[in-house]
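To start, the structure itself, in structure tokens.
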There are 2 protein chains.
Amino acid sequence: MPETSNLPLTETTTLILLSLAPGPSHGYAIMKDVHTLSEERVALSTGTLYGALNRLLEQGWIERVDDPQPNSTRRERKAYRLSAVGRSILIEELDRLESLNTIARQRLSPGGYGDTQQP
Amino acid sequence: MPETSNLPLTETTTLILLSLAPGPSHGYAIMKDVHTLSEERVALSTGTLYGALNRLLEQGWIERVDDPQPNSTRRERKAYRLSAVGRSILIEELDRLESLNTIARQRLSPGGYGDTQQP
DNA sequence: ATCATATATGTCGTTGTGCGACACATTGAC
DNA sequence: GTCAATGTGTCGCACAACGACATATATGAT
């Protein structure tokens with residue numbers, strides 16, 4: 001195994017990978033999708049987006065693909081696809097999220113426990 | 001409302017707040033607790049820990065408390081307690097984690113959907 | 001006695017990441 | 001003609017995590 005751990009992913013990375021999960025897309029579309037997908041909470045700036053895309057390319061978590069809409073009217077667009085590695089890392093991250101959440105809820109709710117907050 | 005959003009928290013921050021949720025503790029104990037609590041995944045370095053603690057103090061998410069064990073043999077220890085603000089932010093973060101995870105699982109599994117991975 | 005390990009807190013420099021600001025080009029609506 | 005939306009990109013700032021280093025006491029083993 002070359003890398004011991006890639007986790008945790010940043011929220012930006014997670015959302016970009018997730019946005020690419022159903023199929024290939026391009027920068028601007030990812031930006032908008034991440035916004036809806038995050039319930040309007042996350043608005044990626046272009047600096048964040050293109051920086052992250054290049055990083056993900058270098059890491060091999062996403063790959064370049066031919067523009068799916070290369071018709072006459074459309075101007076330049078660069079499309080990306082989630083790689084197999086990217087997909088499995090995304091799943092690892094979601095597992096992390098899930099287990100962290102579970103453990104945390106246990107700590108927070110254990111009826112009749114702690115709360116040593118000055119008696 | 002003074003701040004629009006504090007989220008997302010970093011994993012480090014989340015785990016520290018979570019470690020303080022049941023009751024006050026001090027640096028070294030938090031370090032060890034975070035390790036078990038994260039299922040041995042996260043080993044905080046002291047640089048991260050004390051940097052984070054000071055940041056959290058400044059933000060008012062945690063507070064200093066008297067050392068609960070100031071007996072003779074024990075040496076200097078600084079104890080911290082989760083503040084009300086810190087507690088509610090932790091809960092917000094857990095809600096974020098939960099909803100992100102839910103949304104993501106929907107995207108990833110919706111049997112018979114996407115996977116436009118070269119037909 | 002001495003040595004290693006655990007407990008305990010802290011600083012410093014490097015690196016990665018997010019982000020706002022800026023820049024530029026095309027297309028469609030008014 | 002002009003404005004918003006689409007589309008890609010760069011640059012510099014700030015902040016967080018991290019490893020390395022520094023310091024000191026307590027405990028258990030040899």
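First the proteins, then the strands, lettered A, B, ... as listed; each starts at 1.
Smallest separation of non-hydrogen atoms from B:Leu9 and B:Glu93: N-OE1, 3.1 Å.
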* Asked: Going through the distances and angles, do B:Val34 and B:Leu18 end up as a side-chain contact (heavy atoms from CB on, under 4.5 Å)?
  -> CA-CA 8 Å; B:Val34 162; B:Leu18 190 55; over 6 Å; no

* To do: Take B:Thr12 and B:Ile16 through the side-chain contact (heavy atoms from CB on, under 4.5 Å) test and state the conclusion after the steps.
  => CA-CA 6 Å; B:Thr12 301; B:Ile16 292 175; 3.9 Å; yes

* Going through the distances and angles, do A:Thr13 and A:Leu90 end up as a side-chain contact (heavy atoms from CB on, under 4.5 Å)? -> CA-CA 9 Å; A:Thr13 301; A:Leu90 175 58; over 6 Å; no

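The interatomic distance linking A:Tyr50 (OH) with D:dT10 (C1') rounds to 12 Å, in whole Å. Between B:Arg77 atom CZ and D:dT25 atom C1' there is a gap of 13 Å when expressed in whole angstrom units. Remark: P of C:dT11 and CG of B:Leu53 are 12 Å apart, rounded to the nearest angstrom. For the pair A:Leu44 CG and C:dG18 P, the computed distance is 8 Å after rounding to whole Å. Between the P atom of D:dT25 and the OH atom of B:Tyr28 lies a distance of 17 Å, rounded to the nearest Å. At whole-Å resolution of the value, NE2 in B:His26 and C1' in C:dT9 are 10 Å apart. Between A:Leu49 atom CG and C:dC19 atom P the separation is 11 Å, expressed in whole Å. Between the CG atom of B:Asp33 and the P atom of C:dA8 there is a distance of 13 Å, rounded to whole Å.
Candidate nucleotides C:dG20, C:dT7, C:dT9 were compared by shortest atom distance to the side chain of B:Lys32, and C:dT7 ranks first. In the set C:dT9, D:dG7, C:dA21, the nucleotide with an atom closest to the side chain of A:Thr46 is C:dA21.
In the model, B:Ser99 has no side-chain atom that pairs as donor or acceptor with a side-chain atom of B:Thr102 under 3.5 Å.
Rounded to the nearest 0.5 angstrom, B:Leu97 CG and A:Glu98 CD are separated by 10.5 Å.
Under 4.0 Å is where a charged nitrogen must lie from a carboxylate oxygen, and between B:Arg55 and B:Glu58 no such pair does.
The closest donor-acceptor contact from the side chain of B:Arg41 to the backbone of A:Ser5 lies at 3.5 Å or more, if one exists at all.
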* Heavy atoms under 4.0 Å is the rule here; annotate nucleotides 11-16 of chain D 5' to 3' with B where the base is hit, S where only the sugar-phosphate is, and - elsewhere. => -----S

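Of the residues B:Ile89, B:Leu20, B:Leu56, the one that meets the side-chain contact (heavy atoms from CB on, under 4.5 Å) test with B:Leu82 is B:Leu20.
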Return the polar atom pairs (N/O with N/O) between nucleotides 13-15 of chain C and the protein under 3.5 Å, or none.
none

